A.B. asks: 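One structure, as structure tokens, below. Some questions next.
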Amino acid sequence: MMAIQAVIFDLDGVLVHTDRFHYEAWQRMANEEGISFDVSINDRLRGVSRMESLDIILEKSERSYTQSEKEDLADRKNEYYRELLLQLTPADAAEGALAFIARCKEQDVKTAIGSSSRNTPMILERIGLAHVFDAIADGNQIVRSKPDPEVFLLAAQQLGVDPAYCLVVEDAEAGLIAAERAGMLKAAIGAAFDSSVADYRLRNLAEMAEIVFG
């Protein structure tokens with residue numbers, strides 16, 4: 001096994017859990033439009049972009065929407081979501097995250113964010129992790145969302161590390177597939193724990209230490 005030179009974290013579901021905020025924001029928007037929305041639909045949105053999520057929700061709509069109307073709906077949902085994000089504090093950062101990142105710095109292992117979320121800067125600021133990573137690649141810098149590998153390849157490029165020496169930590173199947181397509185090692189946590197795509201499975205971030213440092 002090649003030595004791991006960098007760890008790239010997905011954000012939502014890995015370093016912070018904002019699923020409930022996404023659900024509440026989509027639910028509010030769907031209710032306003034008279035569209036049926038429930039937990040099973042919400043589960044299909046994990047790891048995909050905002051516009052792709054909207055298209056899934058609109059499958060239940062009795063009317064069609066123009067591209068401009070879709071963009072307005074997505075913006076409205078994002079406004080609701082950002083309002084909810086104001087509830088986040090450093091206490092919402094995943095347990096063990098800061099300690100693991102600090103150890104990476106001590107061992108010269110680089111760290112990065114690889115998230116499709118355009119709200120990444122705001123979330124990191126709210127949970128106190130805005131300035132601890134060597135690179136941040138997010139939805140504001142990419143064209144193609146996961147399972148496309150673009151965001152992870154961008155993070156590796158920003159770090160100056162060959163993808164083969166990067167380990168991605170993901171809670172979504174789409175993210176694990178993206179990491180695989182990027183030629184990176186893959187650690188599954190949370191909802192993706194049982195994924196067949198994963199090279200490693202984590203019950204918590206504390207288990208990262210044995211994988212990365214041996």
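What you see is a predicted model, and the numbers here were worked out from it, not measured in a lab. Sequential numbering from 1 along the given sequence is applied to the chain's residues.
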A.B. asks: Side chains of Val151 and Asp138: closer than 4.5 Å at any heavy-atom pair?
C.D. replies: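 The answer is no; the side chains never approach within 4.5 Å.
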A.B. asks: Which atom pairs, one a donor and one an acceptor, fall under 3.5 Å between side chains of residues 83-97 and the rest of the protein, sequence neighbours left out?
C.D. replies:
| residue | atom | partner | partner atom | Å |
| --- | --- | --- | --- | --- |
| Thr89 | OG1 | Ala91 | N | 3.2 |
| Asp92 | OD2 | Thr89 | N | 2.9 |

A.B. asks: When you measure from the side chain of Ser195 to the backbone N and O of Ala192, does any donor-acceptor pair fall under 3.5 Å?
C.D. replies: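 Side chain of Ser195 to backbone of Ala192, a donor-acceptor pair under 3.5 Å: no, none is there.
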A.B. asks: With sequence neighbours excluded, tell me which residues meet side-chain contact (heavy atoms from CB on, under 4.5 Å) with Gln67.
C.D. replies: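 Gln67 satisfies side-chain contact (heavy atoms from CB on, under 4.5 Å) with Met51, Lys70, Glu71 only.
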A.B. asks: Which other residues end up in the same hydrophobic cluster as Phe193, if Ile, Leu, Val, Met, Phe, Trp and Tyr are linked when side-chain heavy atoms come under 4.5 Å apart?
C.D. replies: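 Cluster partners of Phe193: none, it stands alone.
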A.B. asks: What's the separation between atom OG in Ser116 and atom CZ in Arg50, rounded to the nearest 0.5 Å?
C.D. replies: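 One finds 11.0 Å between OG of Ser116 and CZ of Arg50.
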A.B. asks: Please name all residues satisfying side-chain contact (heavy atoms from CB on, under 4.5 Å) with Ser196, sequence neighbours left out, ordered by chain then number.
C.D. replies: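 Per chain and number, Ser196 pairs via side-chain contact (heavy atoms from CB on, under 4.5 Å) with no residue.
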A.B. asks: Tell me every residue that passes side-chain contact (heavy atoms from CB on, under 4.5 Å) with Ser40, counting only those two or more places apart in sequence or in another chain.
C.D. replies: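 Only Asp38 meet the side-chain contact (heavy atoms from CB on, under 4.5 Å) criterion with Ser40.
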A.B. asks: Does anything in residues 172-187 pair up under salt bridge (charged side-chain N to carboxylate O under 4.0 Å, His left out), and if so which pairs, sequence neighbours excluded?
C.D. replies: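 For residues 172-187, and leaving out neighbouring residues, the salt bridge (charged side-chain N to carboxylate O under 4.0 Å, His left out) pairs sorted by first residue read Lys186-Asp199.
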A.B. asks: What is the distance from atom OG of Ser115 to atom CG of Leu124, rounded to the nearest 0.5 Å?
C.D. replies: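 The OG atom of Ser115 sits 8.0 Å away from the CG atom of Leu124.
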A.B. asks: Tell me the ring pair (Phe, Tyr, Trp, His ring centres under 6.0 Å) pairs involving residues 21-61, sequence neighbours left out?
C.D. replies: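 Matches after skipping sequence neighbours: His22-Tyr81, Tyr23-Phe37.
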A.B. asks: Any side-chain heavy-atom pair from Thr120 and Ile113 closer than 4.5 angstrom?
C.D. replies: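 In short, these two side chains touch, coming nearer than 4.5 Å.
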A.B. asks: If you look only at pairs with a residue in residues 12-22, which of them pass as a salt bridge (charged side-chain N to carboxylate O under 4.0 Å, His left out), with sequence neighbours excluded?
C.D. replies: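 Pairs touching residues 12-22 that pass the test: Asp19-Arg46.
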A.B. asks: Report yes if some heavy atom in the side chain of Leu58 is under 4.5 Å from a heavy atom in the side chain of Ile56; otherwise report no.
C.D. replies: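 No; the side chains remain at least 4.5 Å from each other.
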A.B. asks: Following the transitive rule for hydrophobic clusters with a side-chain heavy-atom cut-off under 4.5 Å over Ile, Leu, Val, Met, Phe, Trp and Tyr, establish whether Val212 and Leu176 coincide in one cluster.
C.D. replies: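 No, separate clusters.
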A.B. asks: Are Leu185 and Val168 close enough that some pair of their side-chain heavy atoms sits under 4.5 Å apart?
C.D. replies: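 Contact flag for Leu185/Val168 side chains = no.
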A.B. asks: Is there a side-chain contact between Leu129 and Ile123, using heavy atoms and a 4.5 Å cut-off?
C.D. replies: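 Of all side-chain heavy-atom pairs linking Ile123 with Leu129, none is under 4.5 Å.
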A.B. asks: So that I can tick it off, tell me whether Arg63 and Glu69 are bridged by a salt bridge, with the cut-off set at under 4.0 angstrom between side-chain N and carboxylate O.
C.D. replies: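 Salt bridge: yes.
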A.B. asks: Check salt bridge (charged side-chain N to carboxylate O under 4.0 Å, His left out) between Glu207 and all other residues, then give those that pass, not counting sequence neighbours.
C.D. replies: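 Glu207: salt bridge (charged side-chain N to carboxylate O under 4.0 Å, His left out) contacts with Arg203.
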A.B. asks: Could you give all pairs that pass the ring pair (Phe, Tyr, Trp, His ring centres under 6.0 Å) test and reach residues 120-155, with sequence neighbours left out?
C.D. replies: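 Applying ring pair (Phe, Tyr, Trp, His ring centres under 6.0 Å) to every pair that reaches into residues 120-155, excluding sequence neighbours, yields nothing.
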A.B. asks: A side-chain contact here means heavy atoms from C-beta on lying under 4.5 Å apart; do Arg76 and Glu33 qualify?
C.D. replies: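 SC-SC contact between Arg76 and Glu33 confirmed.
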A.B. asks: Under 4.5 Å between any side-chain heavy atoms of Ile4 and Cys166, yes or no?
C.D. replies: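 No, their side chains stay 4.5 Å or more apart.
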A.B. asks: If you look only at pairs with a residue in residues 146-159, which of them pass as a side-chain hydrogen bond (donor to acceptor under 3.5 Å, both in side chains), with sequence neighbours excluded?
C.D. replies: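 Applying side-chain hydrogen bond (donor to acceptor under 3.5 Å, both in side chains) to every pair that reaches into residues 146-159, excluding sequence neighbours, yields Asp10-Lys146, Gln141-Gln158, Arg144-Asp148, Lys146-Glu170.
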A.B. asks: Do Val143 and Leu154 belong to the same hydrophobic cluster, where Ile, Leu, Val, Met, Phe, Trp and Tyr are linked whenever their side-chain heavy atoms lie under 4.5 Å apart, directly or via other members?
C.D. replies: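 Looking at the clustering, Leu154 is in a separate group from Val143.
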A.B. asks: Could you list the donor-acceptor pairs under 3.5 angstrom formed between side-chain atoms of residues 98-112 and any protein atom two or more places apart in sequence or on another chain?
C.D. replies:
| residue | atom | partner | partner atom | Å |
| --- | --- | --- | --- | --- |
| Lys105 | NZ | Val132 | O | 2.8 |
| Lys110 | NZ | Leu159 | O | 2.8 |

A.B. asks: Hey, does Tyr65 have a side-chain heavy atom less than 4.5 Å from the side chain of Leu54?
C.D. replies: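 Of all side-chain heavy-atom pairs linking Tyr65 with Leu54, none is under 4.5 Å.
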